[in-house]
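The residues of the chain are indexed from 1 along the displayed sequence.
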Amino acid sequence: MTGHAGRHDRDASGEGRPDPATETFVAHRNLLFTVAYEMLGSAADAEDVLQETWLRWAGVDLGTVRDRRAYLVRITTRQALGRMRALSRRKESYVGPWLPEPLLTTPDVAEDVELADSVSMAVLLVLETLAPTERAVFVLREVFGLAHDEIADAVDKTPAAVRQIAHRARAHVAARRPRGAVSPAESRAALSAFRRAVETGDLQGLLDILAPDVVALGDGGGVRRALPRPVVGADKVARLLTAGAARLAGRAAFEPVQVNGHPALLMRLDGEVDSVVAVRIDDGLVSGLYTVRNPEKLTRVRRETAMTR
C-alpha cells in the first residue's frame, strides 16, 4: 500500500494503532483490488484506482457511513469506471492484441471456483467485450453478489436500470465464456502438450488437444516480438509453435505456475522471465492460447497477489 501508511492514533496505553479509516481500508484492500482488477484487467491501473480510493476515503466523516465495505466498493467502482475510459483510449493505440495483465495468485484463489473463473484470462477477455457500465454491473452482481440498489449507487443508475443491465450483461457473457467445467488437470495436460511441442518440436500431442478453431493471441505491447494479430486454426497455430520451437531450442525453460487462479506456464529465456502462457479450454479442447510478453505486464508474476471477494 503506498501513500497511506503512517496515520496512527494513540490508545490508552500510548501504543500507536491505525486510525479507523486506515484500519477499514487495510481490512478491505484485497477485495477492492479484486473489484478494480476485474473491471480493468490491469493490476497497475487497479493499484492507481486504490490510491485514488484511499485519498477520497481519508476525507470521509466515518460517522456518516452506515456500511463501510459498501461505501469503499462504491468509491472504487466509480474510480475504476473513470479509469476504464482512459484505458480504452490506450488500447486503441496499443500495438498488437491486448491481453489482461497476468497475476501469480495464491492457492486460495483457485479454491474459490467462482472467483478463479471470473479472473481467468479467458473470462477477462470476454469482459473486455462489455461496455464499461455493463462490466461494472456484471462484476459487482455476479462476482461480488451486491444487491441491485447498492450497484445503482455505484454506477449512478436506477435499480431498475441496473437489473436490466445485469440481465443483458449476464446473457452476453454466458454466450461467450468457456463451455463446460474445466478441471485444473485438463489445463495442466494442455500446457504440458504445449511445453513438449516447444521443447521437442513434437506437435502430435498438441494437435490432439487443439480445437479446430483455436485462437492464439500474443501481447508484446510493441516492446517484445509477439503475434501482430490473432492466429486462427489448429494447423496454423501448430505451424507457429513449430517455428517457435526451432527458434527457442535449448534457450527456453518452463515453470508451472498458478496465474489468475488457473494453471499456466512461466517461460524463461536464457534465465530471464520472458512470458506467461495461459489457455482457454472448451469441451476438453484448447480453444485459446494466450502468451503475454510485454515486460510491463509481467511485474506481477514474480510474487503472489492476494485476491478475495
**Asked** Is the count of non-hydrogen atoms from other residues, nucleotides or ligands lying under 6.0 Å from Glu296 atom CD greater than 12?
**Response** no
**Complete:** Closest non-hydrogen atoms of Ala116 and Gly261, given as atom of the first, atom of the second and distance, are CB-O, 3.8 Å
**Request:** Step by step, work out the side chain to side chain contact (heavy atoms under 4.5 Å, CB included) result for Thr308 and Phe144.
**Result:** CA-CA 9 Å; Thr308 190; Phe144 296 94; over 6 Å; no
**Prompt:** Is there a donor-acceptor pair closer than 3.5 Å between any side-chain N or O of Asn260 and the backbone N or O of Leu103?
**Reply:** yes
**Item:** Cationic N near anionic O, under 4.0 Å, Arg90 to Asp45
**Value:** yes
**Prompt:** Is the charged tip of Arg74 near the ring of Tyr71: under 6.0 Å from the six-membered ring centre and within 45° of its axis?
**Reply:** yes
**Item:** Pairwise side-chain contact, Asp219 with Ser275, heavy-atom cut-off 4.5 Å (strictly under)
**Value:** no
**Message:** Show, in sequence, the C-alpha distance, side-chain angles and deciding distance for Asp282 and Val182, and conclude whether the side chain to side chain contact (heavy atoms under 4.5 Å, CB included) test is met.
**Reply:** CA-CA 8 Å; Asp282 282 276; Val182 179; over 6 Å; no
**Request:** Using a 4.5 Å cut-off on heavy atoms from C-beta on, say whether the side chain of Phe254 contacts that of Leu191.
**Result:** no
**Request:** Treating Ile, Leu, Val, Met, Phe, Trp and Tyr as nodes and any side-chain heavy-atom pair under 4.5 angstrom as an edge, say whether Leu285 and Leu207 lie in one connected cluster.
**Result:** no
**Message:** If you define the side chain from C-beta out and look only at heavy atoms, does anything of Arg68 sit under 4.5 Å from Pro20?
**Reply:** yes
**Asked** Side-chain heavy atoms under 4.5 angstrom apart, residues restricted to Ile, Leu, Val, Met, Phe, Trp, Tyr: same cluster for Leu31 and Met307?
**Response** yes
**Prompt:** If two hydrophobic side chains count as joined below 4.5 Å and joins carry through other members, does Leu289 share a cluster with Leu269?
**Reply:** yes
**Request:** Determine the minimum heavy-atom distance between Ser287 and Ala211, stating which atoms define it.
**Result:** CA-CB, 4.1 Å
**Request:** Working to the nearest 0.5 Å, report the span between OG of Ser42 and CD of Glu47.
**Result:** 9.5 Å
**Asked** In chain order, what residues pass the salt bridge (Lys or Arg N to Asp or Glu O under 4.0 Å) check against Glu114, with sequence neighbours excluded?
**Response** Arg309
**Request:** Indicate yes or no: at least one non-hydrogen side-chain atom of Leu127 is less than 4.5 angstrom from one of Phe138.
**Result:** yes
**Request:** Test Glu92 against Arg85 for salt bridge (charged side-chain N to carboxylate O under 4.0 Å, His left out), laying out the working first.
**Result:** CA-CA 11 Å; Glu92 282 168 16; Arg85 292 175 184 114; over 6 Å; no
**Fill in**
Smallest heavy-atom separation, Glu150 atom then Ala70 atom, equals OE2-CB, 3.6 Å
**Asked** Quick one: does Leu227's side chain get under 4.5 Å of Leu240's, heavy atoms only?
**Response** yes
**Request:** Please answer: with hydrophobic residues joined when any side-chain heavy atoms are less than 4.5 Å apart, are Val277 and Val223 in the same cluster?
**Result:** no
**Message:** Within this structure, what is the CG-CG distance for the pair Leu87 and Asp48, rounded to the nearest 0.5 Å?
**Reply:** 10.5 Å
**Fill in**
Residues passing the salt bridge (Lys or Arg N to Asp or Glu O under 4.0 Å) test with Asp208, sequence neighbours excluded, are none
**Request:** Say whether, by atom type as modelled, one donor and one acceptor occur between the side chain of Arg280 and the main chain of Arg177 under 3.5 angstrom.
**Result:** yes
**Request:** Mark yes or no for whether Glu304, through its side chain, and Thr106, through its backbone, hold a donor-acceptor pair below 3.5 Å.
**Result:** no
**Prompt:** Do the side chain of Thr291 and the main chain of Gly218 share a donor and acceptor less than 3.5 angstrom apart?
**Reply:** no
**Asked** About how many Å separate CZ of Arg302 and CZ of Arg300, when rounded to the nearest 0.5 Å?
**Response** 12.5 Å
**Message:** Check the orientation of Tyr94 and Trp98. Use parallel for under 30°, tilted for 30 to 60°, and perpendicular for over 60°.
**Reply:** perpendicular
**Message:** Treating Arg293 as the side-chain partner and Arg225 as the backbone partner, does any N or O pair qualify as donor plus acceptor under 3.5 Å?
**Reply:** yes
**Prompt:** Are more than 12 heavy atoms from other residues, nucleotides or ligands located less than 6.0 Å from atom NZ of Lys91?
**Reply:** yes
**Asked** Could you state the interatomic distance from CZ (Phe33) to OG1 (Thr305), rounded to the nearest 0.5 Å?
**Response** 5.5 Å
Side-chain donor-acceptor distances from residues 153-168 under 3.5 Å, at least two apart:
{"unit_1": "Asp156", "atom_1": "OD1", "unit_2": "Arg78", "atom_2": "NH2", "d": "3.2"}
{"unit_1": "Thr158", "atom_1": "OG1", "unit_2": "Ala161", "atom_2": "N", "d": "3.0"}
{"unit_1": "Arg168", "atom_1": "NE", "unit_2": "Glu134", "atom_2": "OE2", "d": "3.1"}

**Co-members of Tyr290 in a cluster of I, L, V, M, F, W and Y side chains, linked at under 4.5 Å** = Leu99, Leu104, Met121, Leu125, Val215, Leu217, Val232, Val257, Val259, Leu266, Val273, Val276, Val292, Leu298, Val301
**With sequence neighbours excluded, residues passing salt bridge (Lys or Arg N to Asp or Glu O under 4.0 Å) with Arg196** = none
**Prompt:** Under the 3.5 angstrom rule, does the side chain of Arg135 hit a backbone N or O of Met39 as a donor-acceptor pair?
**Reply:** yes
**Asked** Which heavy-atom pair separates Gly220 from Ala226 by the least distance, and what is that distance?
**Response** N-CB, 3.4 Å
**Message:** Quick check: closest heavy atoms across Pro228 and Pro97, and the distance to 0.1 Å?
**Reply:** O-CD, 3.5 Å
**Message:** Using a 3.5 Å distance criterion without hydrogens, assess whether the side chain of Glu101 forms a donor-acceptor pair with backbone atoms of Ala44.
**Reply:** yes
**Prompt:** Is there side-chain contact between Arg195 and Pro256, with heavy atoms separated by less than 4.5 Å?
**Reply:** yes
**Results of salt bridge (Lys or Arg N to Asp or Glu O under 4.0 Å) for Asp61 - residues two or more places apart only** = none
**Prompt:** Stepwise, does the side chain to side chain contact (heavy atoms under 4.5 Å, CB included) test hold for Val119 with Glu38?
**Reply:** CA-CA 6 Å; Val119 297; Glu38 291 219 21; 3.2 Å; yes
**Asked** Side-chain contact, heavy-atom cut-off 4.5 Å: Val286 with Phe194?
**Response** no
**Request:** Give, for atom NE2 of His262 and atom CZ of Arg188, the distance between the pair rounded to the nearest 0.5 Å.
**Result:** 12.0 Å
**Message:** Test of understanding: clusters of I, L, V, M, F, W, Y form through side-chain heavy atoms closer than 4.5 Å, transitively. Do Leu55 and Phe25 belong to the same one?
**Reply:** yes
**Request:** First locate atom OG1 of Thr242, then atom CG of Leu206, and finally report the distance between them rounded to the nearest 0.5 Å.
**Result:** 8.5 Å
**Nearest non-hydrogen partners of Ala36 and Val49, listed with the distance** = CB-CG1, 4.0 Å
**Message:** So Ser118 and Glu142, do their side chains get closer than 4.5 Å, heavy atoms only?
**Reply:** no
